[in-house]
Amino acid sequence: MAYLDLKNVSKSFAGTLAVKDFNLEIEKGTLVAFLGPSGCGKTTTLRMIAGFEQLDSGTILLDNSDISSVPPNRRDIGMVFQSYALFPNLTVRENIAFGLEMKKTPKKDAEKRVNQVLDMVRLQETAKRFPHQLSGGQQQRIALARALAVQPRVLLLDEPLSALDAEVRVVLRGEIRRIQSELAITTVYVTHDQEEALSISDKVVVMNKGIIEQVGAPEEIYRAPQTRFVATFIGTANQFHGKVDGRESVDCGIVRLLTEPLKDFINGQSVVVLVRPENIQVQLEPPGEGRWNSIPGVVETITFHGAVTRLGVNAGGQRVVADITVSNTKPVALNQKIWLQFTPDMCQVMVADE
Amino acid sequence: MDPLSTPKNETKKKLRPASWQVALVAIFLFYMLLPIISTYVFSVATRWDRTILPEGYTLEFYAKAIQASYFTITLRNSFILSISTVLVSLLIIVPTVYWVHTRLGRAKPLLDILMILPFGIPTVVLALALIQVYHFPPLARSPVLLIGAVVVYSMPFMYRPVSNALQALDVQTLTEAGQSLGANIFQVLYRIVIPNIVTGLLSGSLLVFSTVFAEYTLTSLIVGARFKTFPLLLVEFTRINGNIAAAFSVISFTIAWLVSMLILWVGSKGQKATTEGIRAH
Ligand SMILES: Nc1ncnc2c1ncn2[C@@H]1O[C@H](COP(=O)(O)OP(=O)(O)O)[C@@H](O)[C@H]1O
Ligand SMILES: [Mg+2]
């Protein structure tokens, strides 16, 4: 049974649909990431859960009761904002105690709780300072502590790390995940950063233009994208356009690609074959016979990325990128003729949208 | 020679203003200060029509001013008028501007324009229009109507500082943060919003106070002798005795001046708070 359940939720602003028929079940104690490009409706969905936006239609159930028309201050849902939103006139301790005060928690208990959450975010020493005397990363930790102090039923985070620099971002996302699993608090985490979403969450909800493209575990989203949008938005994917030609191949013009058995397609259907750069091997000699795909091409660009080197290859007019690691490939030079090789199971076939 | 002294001298040279600039500032100061200085001097002069400087000095006009039958009551009325205007203005402006900043961002340009209008309407026109529209008791020519009129007239002075203070704050997100922690809208206003815009509220209040304290046209046209304020008494005395009128002016000046000092003081404290507030975002 889902703990937080969004049913057919829709929302539009002045005629433009921001969120369209959104259905999602979130299990208790899990961290779910909303991932998608800017403007795809992540914030709007989160704000509807928080109660800051009214739904046009649909319902939101929390622990089996409809909260769609409960005002935000009675939902018991904590929120962390991109801009931290600490109260500038209150000290760190007063900020964290604010929610407890609103709940009329006895002073002694409130004090104890504030110390607990300060320990949790490891910032006990900042208790007497004002928000502007803290770094961005510290402010966001305090904002997290403030949201958690009242023990909300759900925690919402809207791009909490976007205003921080790269190093702090990586450390802090680990902290958020650690605290979230320690407390086993049901959490929705909004981000447009795929690495962040994939590394932090139990489940990723990929969104585009107000609809859900795919819901799944991070590995699932990466390895088995179900739509072309997901395949191209998460990581990089080469796209070969063509028509289904027989039971296990696609005619792409420059090459006839061998695939896994194509059960859900009919002969002649327009499709796109997606191949990830890291699944392509680069050979310097024409490969021998075998059940694999091989495309000849010329190296046009070589970009060093640290762990991998990305080659941009001109394969009969189509640009294909392939990632090579120093350990498994011989050195390659610009304008060198090479063969791109990959097995049929690395080809993901999708219907081409018109 | 000390090599370090050369650049210093150069800076000094650069900073010295041109003579035309000095002249311009001098003319401006002369223009601004002369009437004030002469009023001060006139209020303590025995006779000042045959010589460049007064023939003698006396405090007798201040004694007479303070003894004038209406002195206390007009001073009291002026304080009543100014303070109630400040309160009404706060009660109207703060929630409205807060609401526009959090819920109705699109209405902000409209409000900005509306808040210039009081400068554009001649006070006499405003007064006569109000008298005609609200000609029925109990409003007709009442101090309540006057307060309504001066609230409108002085509104821009309250609106600007409050709006600027809210602008620097990102109130919408702070409000939502407060709500997600269980606070209702009044708790948000009382505990978060107002403490953070208190300098804006104070400078707005003091500007409105000093404007209304010196207001003449609306008061004289709308209530006249029914609710005589200090500026009315002052103008009355210009017809009786110039020296006493000057003494009234000086008293009025001094109150306004004290209020301005208060504004400057609050302002300098507020500037610190604002920079800190902005740094916090
Ligand atoms: N208050 C609003 N008024 C009008 N349009 C809005 C408002 N909030 C969001 N939108 C629109 O709704 C869409 C989704 O926005 P949002 O949920 O903020 O996207 P995301 O958080 O994924 O970047 C966008 O097209 C945005 O312009
Ligand atoms: Mg957003």
Side-chain angles (χ1 to χ4, degrees), chain A residues 13-14 43 46-47 49-53 70-90 94-105 129-136 138-139 142-143 145-158 163, chain B residues 94 98-110 161-162 164-203 266 269-281:
Chain A
F13 293 104
T43 298
L46 202 72
R47 289 171 60 78
I49 300 174
F52 299 134
E53 302 283 0
V70 177
N73 56 332
R74 301 224 202 93
R75 284 196 186 190
D76 231 347
I77 292 180
M79 179 111 179
V80 173
F81 301 83
Q82 180 180 343
S83 59
Y84 325 134
L86 294 176
F87 308 133
N89 58 315
L90 302 181
E94 290 164 341
N95 261 283
I96 298 175
F98 185 87
L100 298 163
E101 206 179 302
M102 294 300 121
K103 271 188 157 182
K104 306 210 159 53
T105 312
R129 289 194 224 157
F130 281 94
H132 73 264
Q133 296 167 317
L134 305 178
S135 72
Q138 288 175 324
Q139 287 189 55
I142 297 302
R146 180 180 69 175
L148 291 172
V150 290
Q151 295 174 296
R153 293 192 286 175
V154 175
L155 177 66
L156 308 175
L157 303 103
D158 191 359
Chain B
V94 176
Y98 171 70
W99 184 61
V100 166
H101 274 260
T102 50
R103 295 256 113 200
L104 211 67
R106 273 168 302 150
K108 206 177 159 286
L110 181 70
V162 172
N164 291 350
L166 282 174
Q167 191 86 59
L169 203 59
D170 188 10
V171 270
Q172 167 149 16
T173 315
L174 289 181
T175 301
E176 287 172 358
Q179 286 178 316
S180 75
L181 291 165
N184 61 37
I185 202 70
F186 298 106
Q187 290 167 320
V188 167
L189 266 173
Y190 174 67
R191 289 293 314 278
I192 303 163
V193 178
I194 290 175
N196 281 303
I197 59 167
V198 85
T199 48
L201 297 181
L202 270 179
S203 49
V266 167
K269 279 186 80 177
Q271 209 152 30
K272 237 187 255 161
T274 317
T275 27
E276 281 175 0
I278 286 165
R279 221 180 300 138
H281 284 290

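In the text below, chain A, chain B and the rest are named by the order of the sequence lines, each starting its count at 1.
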Check: Under 3.5 Å, is there a donor-acceptor pair between the N196(B) and N89(A) side chains?
Finding: yes
Item checked: Rounded distance (nearest 0.5 Å) linking atom CD of Q179(B) with atom CZ of R75(A) -> 10.5 Å
Check: Roughly how far, to the nearest 0.5 Å, is the CG atom of N73(A) from the OG1 atom of T175(B)?
Finding: 12.0 Å
Next item on the list: Provide the closest heavy-atom pair for A85(A) versus A177(B) in the form atom of the first, atom of the second, distance.
Entry: O-CB, 3.9 Å
Check: Given side chains that start at C-beta, do those of S180(B) and F52(A) come closer than 4.5 Å, heavy atoms only?
Finding: yes
Check: For F81(A), is it the side chain, the backbone, both or neither that has a heavy atom under 4.5 Å from a heavy atom of chain B?
Finding: side chain
Check: Less than 4.5 Å apart, any side-chain heavy atom of T173(B) and any of Y84(A)?
Finding: no
Item checked: chain B contact via Q82(A) - which portion, at a heavy-atom distance below 4.5 Å -> neither
Margin query: Quick check on L100(A) against chain B: is it the side chain, the backbone, both or neither that has a heavy atom closer than 4.5 Å?
Written below: neither
Item checked: Nearest-0.5 Å distance, CG of residue L181(B) to CE of residue M79(A) -> 11.5 Å
Check: Which distance, rounded to the nearest 0.5 Å, do you find between the CZ of R191(B) and the CD of E94(A)?
Finding: 7.5 Å
Checklist line | Any side-chain heavy-atom pair of L174(B) and P88(A) under 4.5 Å | finding: yes
Next item on the list: Side chain from CB out, backbone as N, CA, C, O: work out which of these in R146(A) comes under 4.5 Å of a heavy atom of chain B, or both, or neither.
Entry: both
Item checked: Heavy-atom contact with chain B under 4.5 Å, split by part of A147(A) -> backbone
